[in-house]
Amino acid sequence: MKANNRISVIFTGGTIGSYSSGGIVRLKEESKSLLLEKFIGRFGNGTVFDELRPLNILSENVQPSDLEIMADCVRSVDKDKYDGIIITHGTDTLCFTANLFSQLFCDVKIPVVFVSALYPLDDERSRGLENFAGAVTFIQSADYGGVFVSFTNHGEECKIHLASRLTAATQISGEYDSILNVHFGEIRDGDFVYNNNPLNPGISKLRQNRTLCDAQKLCMDMVTIQAHSLLNFDFYRFTEVKPKAVMVQLYHSGTVCTKGKEANFVNFLNYCKELGIQVVIAPIDSRARTYGSAVGLADMCIAAYDISFEMATAKVLLALGSGKSIESVLSQNYFFEKLY
């Protein structure tokens with residue numbers, strides 16, 4: 001046990017704070033947390049939990065103002081009084097918020113851990129309690145700070161992820177993993193076990209001081225496009241509202257169509273340049289071979305190397321909102337988001 005033996009729990013709603021009624025998941029207005037009751041009932045009350053409730057929303061409805069409220073709540077916690085902070089969050093936008101907060105709080109001195117659930121706590125399929133218990137175990141073992149995610153996929157142990165490397169949930173099943181499937185560690189037999197993979201930062205690096213991210217404000221003036229077969233770029237015409245930037249999610253091999261007319265990304269890129277719109281492409285593995293279709297592509301726009309698309313999205317929105325250049329924010333490695 002740590003000296004404080006005290007954890008701040010920030011409740012924001014989501015499925016983990018909901019109940020199922022008539023086949024519909026609805027938010028629960030709680031004055032006392034069912035999650036904490038279940039945890040104490042199974043594991044005892046050896047840890048003191050202080051509750052904060054700045055929000056109670058379904059995460060798919062999150063707005064920039066909600067994220068600011070959540071961030072301000074984290075900032076308000078006296079870090080010297082707590083061993084860590086747990087944030088409950090909905091699964092739908094967990095990935096974005098986790099990546100975002102890994103930047104906003106890259107220099108935090110105690111662990112900040114996101115937990116969520118695919119099913120409400122009153123559903124026997126829910127792993128919300130396991131995710132919460134995993135976060136508590138991790139916080140009690142970690143003598144370093146940073147932002148993490150505790151999540152249990154079906155048939156697996158509870159895994160701890162670097163929030164800066166969490167990738168989008170799988171379709172339909174809603175399971176989570178880290179980029180390249182390299183999680184930070186896992187909870188095994190009641191203990192946290194570090195994943196000694198060469199792509200993971202060493203514990204000694206996590207103990208080092210990190211510089212505060214100087215991009216702290218969000219901007220929504222961006223369009224996101226995901227590459228897929230027969231994608232018609234001609235439909236993206238900004239005649240009424242012009243974004244500041246466009247992000248294009250490439251295929252896993254770092255490619256996008258560069259042939260033909262309507263589906264030709266190069267034609268779209270030239271169109272955006274005429275309008276003064278910045279175009280960002282991601283993800284790109286700097287160590288991977290380059291396909292002929294992608295030769296010279298990175299030189300024609302802004303390329304996000306060796307980070308997930310979700311992290312690139314967070315960085316671009318922060319750059320736009322904070323008046324920073326996109327290239328400068330993408331080049332920074334605030335909380336081990338870069339693989340190499």
Side-chain angles (χ1 to χ4, degrees), residues 64 67 93 95-104 106 163-168 179-180 213-228 231-238 241-258 263-288 290-291 293-340:
L67 292 169
T93 60
C95 186
F96 176 77
T97 305
N99 275 274
L100 173 66
F101 275 44
S102 77
Q103 304 294 278
L104 298 181
C106 61
S164 59
R165 295 188 182 182
L166 193 72
T167 55
I179 190 170
L180 292 184
C213 173
D214 58 359
Q216 293 278 318
K217 297 293 183 181
L218 286 170
C219 174
M220 292 180 65
D221 296 345
M222 185 179 77
V223 171
T224 302
I225 303 173
Q226 182 177 6
H228 61 78
L231 170 63
N232 190 336
F233 281 105
D234 281 351
F235 285 114
Y236 293 91
R237 288 295 178 261
F238 310 113
V241 180
K242 185 175 75 171
K244 293 180 179 178
V246 173
M247 284 198 66
V248 178
Q249 182 175 5
L250 306 178
Y251 291 115
H252 69 91
S253 55
T255 61
V256 64
C257 178
T258 53
N264 193 329
F265 171 67
V266 176
N267 292 341
F268 174 73
L269 183 59
N270 290 330
Y271 166 74
C272 288
K273 283 189 173 182
E274 290 177 1
L275 295 179
I277 300 171
Q278 299 179 88
V279 178
V280 183
I281 54 175
I284 304 177
D285 187 341
S286 65
R287 297 185 179 182
T290 301
Y291 284 79
S293 60
V295 172
L297 201 61
D299 298 325
M300 301 171 66
C301 50
I302 301 172
Y305 288 100
D306 304 326
I307 59 176
S308 69
F309 181 77
E310 294 77 16
M311 171 53 70
T313 301
K315 281 179 173 286
V316 171
L317 292 177
L318 283 171
L320 295 175
S322 304
K324 307 290 182 180
S325 76
I326 293 175
E327 293 92 337
S328 67
V329 176
L330 285 173
S331 69
Q332 297 298 316
N333 190 23
Y334 290 111
F335 186 63
F336 311 107
E337 57 268 23
K338 290 186 178 292
L339 291 170
Y340 320 119

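For reference, positions follow the sequence shown, starting with 1.
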Rounded distance (nearest 0.5 Å) linking atom CD1 of I277 with atom CE of M222: 12.5 Å
Rounded to the nearest 0.5 angstrom, the SG-CD1 distance for C301 and I281 is 3.5 Å
Counting distance only, does the side-chain N/O of T255 pair as donor-acceptor with the main-chain N or O of Y251 below 3.5 Å? no
Show the nearest heavy-atom pair for residues C106 and C213, with the distance to one decimal. SG-N, 3.6 Å
Restricting to non-hydrogen atoms, name the atom on T97 and the atom on L67 that form the minimum distance, rounded to 0.1 Å. OG1-CD2, 3.6 Å
Taking Q332's backbone N and O only, do any of them form a donor-acceptor pair with K315's side chain (distance below 3.5 Å, no angle check)? yes
Under 3.5 Å, side chain of T93 to main-chain N/O of F96, donor-acceptor pair present? no
Residue pair C272 / V246: nearest heavy atoms and the distance that separates them: SG-CG2, 4.4 Å
Assess whether side-chain contact (heavy atoms from CB on, under 4.5 Å) is satisfied between L218 and L100, documenting all intermediate values. CA-CA 10 Å; L218 286 170; L100 173 66; 3.8 Å; yes
Minimum-distance pair of heavy atoms, taken over all atoms of L318 and A215: CD2-O, 3.6 Å
Please evaluate residues I307 and L330 with respect to the criterion side-chain contact (heavy atoms from CB on, under 4.5 Å), reporting the C-alpha separation (whole Å), side-chain torsions for both, the decisive distance (0.1 Å), and the verdict. CA-CA 9 Å; I307 59 176; L330 285 173; 4.0 Å; yes
With rounding to the nearest 0.5 angstrom, report the OH to CG distance, Y340 to N333. 13.0 Å
Under the side-chain contact (heavy atoms from CB on, under 4.5 Å) test, residues paired with N267 that sit two or more places apart: N264
Mark yes or no for whether D221, through its side chain, and A245, through its backbone, hold a donor-acceptor pair below 3.5 Å. no
Can you tell me if N99 uses its side chain to pair, donor with acceptor, with the backbone of E310 under 3.5 Å? no
Taking it one step at a time, do I302 and E327 satisfy side-chain contact (heavy atoms from CB on, under 4.5 Å)? CA-CA 7 Å; I302 301 172; E327 293 92 337; 3.6 Å; yes
Could you state the interatomic distance from CD (Q278) to CD1 (I326), rounded to the nearest 0.5 Å? 4.0 Å
Might you work through the side-chain contact (heavy atoms from CB on, under 4.5 Å) test for F309 and T167, ending with a clear yes or no? CA-CA 8 Å; F309 181 77; T167 55; over 6 Å; no
Hey, does the side chain of T290 reach the backbone of V295 with a donor-acceptor pair shorter than 3.5 angstrom? no
Please name the pair of heavy atoms, one in F265 and one in V279, separated by the smallest distance, quoted to 0.1 Å. CZ-CG1, 3.8 Å
Check: K217 main-chain N/O paired with S322 side-chain donor or acceptor under 3.5 Å: yes
Inter-residue atom distance Y334.OH - L104.CG, 0.5 Å rounding: 10.5 Å
Working to the nearest 0.5 Å, report the span between OG of S102 and CZ of F335. 7.0 Å
When the ring planes of F268 and Y236 are compared, do they come out parallel, tilted or perpendicular, using 30° and 60° as the limits? perpendicular
Do the numbers put R165 on top of the ring of F336, so that NZ or CZ is under 6.0 Å from the six-membered ring centre and no more than 45° off the axis? no
Indicate the atoms forming the closest heavy-atom contact of A163 with A98, along with that distance. CB-O, 3.3 Å
